[in-house]
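This report concerns only the one structure given below.
All residue numbers refer to positions in the sequence shown, counting from 1.
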Amino acid sequence: MEAVRHRYAFPRSEARALFGTAEDGVVIIEVKGDSMLGTLSPGEKVIVNRHDRVPSPPGIFVLWDGMGLVLKRVEYIPHSDPPKVRILSDNPRYSPYERMVDEAYIQGRVIGSWQRR
């Protein structure tokens, strides 16, 4: 993942109840770009479970695309052999694409978000 900019404190005893994983598995990143517009907006913060890297059930994940971290909707293509995933943006200006599961470089599942108003 990218460099740490801020640290947020949550009670250790409540991390699993809040996030479904231990506190060391949770990171918060800022949304950049407009590929998920309609669901996630630039500047919004997303909470990511780094321990959940399996795209079943489908959801929004953080992926390494070779140049940086990106947020995308990922769904497993049932019965694909070898296993493949479809990677989609919620903004229709961006085209979906497919990758082998081990080439998708899934870094974690988005489990929540917030933005300042």
Side-chain angles (χ1 to χ4, degrees):
M1 295 248 164
E2 296 180 355
V4 173
R5 292 188 192 174
H6 306 284
R7 294 199 184 272
Y8 299 91
F10 295 96
R12 281 182 183 245
S13 61
E14 302 204 14
R16 190 164 300 280
L18 285 169
F19 307 118
T21 188
E23 76 278 356
D24 68 340
V26 176
V27 294
I28 298 170
I29 64 172
E30 183 176 331
V31 176
K32 296 180 182 176
D34 66 353
S35 74
M36 293 302 289
L37 210 54
T39 304
L40 299 171
S41 301
E44 193 169 344
K45 306 284 192 272
V46 293
I47 304 164
V48 179
N49 178 347
R50 295 184 318 137
H51 294 154
D52 187 349
R53 297 178 177 206
V54 179
S56 182
I60 299 173
F61 289 84
V62 176
L63 309 174
W64 174 257
D65 72 355
M67 296 191 71
L69 297 175
V70 296
L71 291 159
K72 299 289 182 185
R73 195 168 295 279
V74 180
E75 57 185 37
Y76 169 68
I77 299 171
H79 310 291
S80 54
D81 186 22
K84 288 184 175 181
V85 291
R86 185 172 296 110
I87 301 170
L88 308 104
S89 298
D90 285 357
N91 184 337
R93 292 180 34 207
Y94 297 90
S95 300
Y97 56 97
E98 294 180 2
R99 291 286 180 269
M100 302 296 180
V101 169
D102 61 347
E103 295 174 343
Y105 304 113
I106 297 172
Q107 304 298 303
R109 180 185 293 268
V110 172
I111 57 173
S113 67
W114 83 83
Q115 65 186 71
R116 293 183 188 166
R117 297 193 188 255

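Atom CD1 of I111 is separated from atom CG of N49 by 5.0 Å, given to the nearest 0.5 angstrom. Separation of atoms OH (Y94) and OG (S35) is listed at 6.0 Å; rounding is to 0.5 Å. Taking CD1 from I87 and CD from E98, the interatomic distance works out to 9.0 Å, rounded to the nearest 0.5 Å. Distance check, rounded to the nearest 0.5 Å: CD1 of I77 to CE of M100 gives 9.5 Å.
With no hydrogens or angles considered, no side-chain donor-acceptor pair links S113 and K45 at under 3.5 Å.
Between P83 and D102, every side-chain heavy-atom pair lies at or beyond the 4.5 Å cut-off. Counting heavy atoms from C-beta outward, P57 and R109 have side chains that approach closer than 4.5 Å. Here the side chains of Q107 and V48 are not in contact, with every heavy-atom distance at 4.5 Å or above.
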(request) Evaluate the criterion side-chain contact (heavy atoms from CB on, under 4.5 Å) for residue pair S89 and K72; output intermediate values, then yes/no. (result) CA-CA 5 Å; S89 298; K72 299 289 182 185; 2.7 Å; yes
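Residue F61 comes nearest to V74 through the heavy atom pair CD1-CB, 3.7 Å, listed as atom of the first residue, atom of the second, then distance. In this structure, P78 and Y76 approach most closely via the heavy-atom pair CD-O, 3.2 Å.
Taking the side-chain contact (heavy atoms from CB on, under 4.5 Å) definition, one finds that V31 meets it with L40, E44, V46, L71, sequence neighbours left out. Listed by chain and residue number, M67, V70 satisfy the side-chain contact (heavy atoms from CB on, under 4.5 Å) test with D65 (two or more places apart in sequence, or in another chain). For E75, the side-chain contact (heavy atoms from CB on, under 4.5 Å) criterion is met by P58, R86, L88, not counting sequence neighbours.
Linking ILVMFWY side-chain heavy atoms closer than 4.5 Å, directly or via other members, places V27 and I60 in a single hydrophobic cluster. Both V62 and Y105 belong to a common hydrophobic cluster when Ile, Leu, Val, Met, Phe, Trp and Tyr are linked at side-chain heavy-atom distances under 4.5 angstrom. V54 and L63 are assigned to two separate hydrophobic clusters, defined by single-linkage of ILVMFWY side chains at heavy-atom distances under 4.5 Å. Under a hydrophobic-cluster definition in which Ile, Leu, Val, Met, Phe, Trp and Tyr are linked whenever side-chain heavy atoms come within less than 4.5 Å, directly or via other members, I29 and W64 are assigned to the same cluster.
Of the possible donor and acceptor atoms, one in the side chain of N91 sits under 3.5 Å from a partner among the backbone N and O of D34.
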